[in-house]
Amino acid sequence: MAQAQQQTAITPVSINDLIEAVAAGLRDFARAPLYGLVFGGLFAAGGWLLIALLMVLGLPYLAYPLAMGFALVAPFAAAGFYAVSDHLERGEPLSWGSVLGGVRDAVRRDLRWMALVTGFALVIWMDIAAFLFFAFTGFHGVGPGFLDQLFSTPSGLVFLVLGNLSGALIAFSIFSISVVSFPMLYDRDVDFVTAMVTSVKLVLSSPVTMLIWCALIGVLMGLSVLSGFVGFFVILPIIGHATWRLYRHAIERPAEDDFPEAAAQFAG
């Protein structure tokens, strides 16, 4: 059970802090590449499986929104990267048992409920995508002239604009409640509502930096999708490790949980 927590101190994040977090994420990935490649590969395999399932079910028009909607559940998938970065930061030896054990303990707490929130957001996004598709293209499905209709007709262009805009709004909303809530729920025993509130407070304290971070994640995830999900092998680990480092910079850890290595939060 998550326990009541005192007010969490939040440190605003600057552009330089974001750059340092990404650099630290790259170093973490370089120090333990096997874990990143395996977790990233599992995420990519999940993408291949879901796209194949949509094709079998005759729902190819949902492939793009599903692929882009992966960004909504990526923070939960990154829990393994938080565990690896946490071990590296503490100077503890890495093993599959310790990393998976850390993830398992977090899931037993409120991390699972936060995953449910983002999973529900993905379902809502897929419903909106389907509604927009049928509203602008009718119920004829994807025919030979679908792409031409999509890019050369007013209704197709409006569909593209509204679809991507609604997706961006949903993505930023989920980003705001999850940017540090997932690593926080991995790191300590708090309830998921407290973690979401803390995440939103961080976004409000550093809106420009957080908007840039959200846009960067969106672009990187988009490139990964365009690569046939192969990019997830590298991009997801970097984002996951960088998110942990950003969390450790922005959210003060209770004094009793401190350790000597934490003094250099972005140290390799």
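A quick note: this is a predicted structure, and the numbers were derived from the prediction, not measured. Sequential numbering from 1 along the given sequence is applied to the chain's residues.
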For this session: Take Val180 and Met210 through the test side-chain contact (heavy atoms from CB on, under 4.5 Å) and record every step on the way to the result.
Result: CA-CA 11 Å; Val180 293; Met210 290 295 99; over 6 Å; no
Exercise. For Phe172 and Leu211, what are the C-alpha separation, side-chain angles and deciding distance, and is it a side-chain contact (heavy atoms from CB on, under 4.5 Å)?
Worked result: CA-CA 8 Å; Phe172 185 71; Leu211 184 60; 3.8 Å; yes
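Of the inter-residue distances, the one linking Leu223 atom CG with Ile235 atom CD1 reads 5.5 Å to the nearest 0.5 angstrom. Atom-to-atom distance recorded for Thr209:OG1 and Ile19:CD1 is 9.5 Å, nearest 0.5 angstrom. Note: Ile212 CD1 to Ile15 CD1 = 3.5 Å, rounded to the nearest 0.5 Å. Rounding to the nearest 0.5 angstrom, the gap separating the CG atom in Leu26 from the CZ atom in Arg245 is 11.5 Å. A distance of 9.5 Å separates CG in Asp127 from CG in Leu122, rounded to the nearest 0.5 Å. One distance of note links CG of Leu236 with OG1 of Thr243; it measures 9.0 Å at 0.5 Å rounding.
Contact detail for Ile239 and Trp213: the closest heavy-atom pair is O-CZ2, 4.3 Å. Closest heavy-atom contact between Pro75 and Tyr82: O-OH, 3.1 Å. Nearest heavy-atom pair across Met196 and Val117 is SD-CG1, 4.5 Å. Across all non-hydrogen atoms, the minimal contact from Thr198 to Ile251 is CG2-CD1, 3.6 Å. Of all heavy-atom pairs spanning Val179 and Val203, the tightest one is CG1-CG2, 4.0 Å. For Ile177 against Met114, the heavy-atom pair with the smallest separation is O-CE, 3.6 Å.
Residues forming a side chain to side chain contact (heavy atoms under 4.5 Å, CB included) with Pro12 (at least two apart in sequence, or on another chain): Ser205, Ser206. For Ser181, there are no side-chain hydrogen bond (donor to acceptor under 3.5 Å, both in side chains) partners two or more places apart in sequence or in a different chain.
Ser199 places no side-chain N or O within donor-acceptor distance of the main-chain N or O of Ala195, the cut-off being under 3.5 Å. With hydrogens and angles disregarded, a donor-acceptor distance shorter than 3.5 Å links the side chain of Asp17 to the backbone of Ser14. Side-chain N or O atoms of Ser176 include none that pairs as donor or acceptor with a backbone N or O of Val200 at under 3.5 Å.
Side-chain heavy atoms closer than 4.5 Å link hydrophobic residues (I, L, V, M, F, W, Y) into clusters, and following such links, even through other members, never connects Leu116 to Val123. Linking Ile, Leu, Val, Met, Phe, Trp and Tyr whenever their side-chain heavy atoms come within less than 4.5 Å leaves Trp48 and Val56 in two separate clusters. If you chain together hydrophobic residues whose side chains sit under 4.5 Å apart, Leu216 and Val225 fall into the same group. Phe229 and Leu49 sit in two unconnected hydrophobic clusters of ILVMFWY residues. Membership requires side-chain heavy atoms under 4.5 Å apart, directly or through other members. The hydrophobic clustering, which links ILVMFWY residues whose side-chain heavy atoms are closer than 4.5 Å, places Leu169 and Leu204 apart.
Side chains of Val103 and Phe39 form no contact here, defined as non-hydrogen atoms less than 4.5 Å apart. Between Val84 and Leu94 the shortest side-chain heavy-atom distance falls below 4.5 Å. With a 4.5 Å cut-off on side-chain heavy atoms, Tyr35 and Phe81 do not count as touching. Side-chain atoms of His87 and Ser98, non-hydrogen and from C-beta on, do get closer than 4.5 Å to each other. Between Ile174 and Trp125 there is no side-chain heavy-atom pair separated by less than 4.5 Å. Using a 4.5 Å cut-off on side-chain heavy atoms (C-beta onward), Phe192 and Arg109 make no contact. Between Thr194 and Arg188, every side-chain heavy-atom pair lies at or beyond the 4.5 Å cut-off.
In this structure, Trp244 has its ring center no closer than 6.0 Å to that of Phe29.
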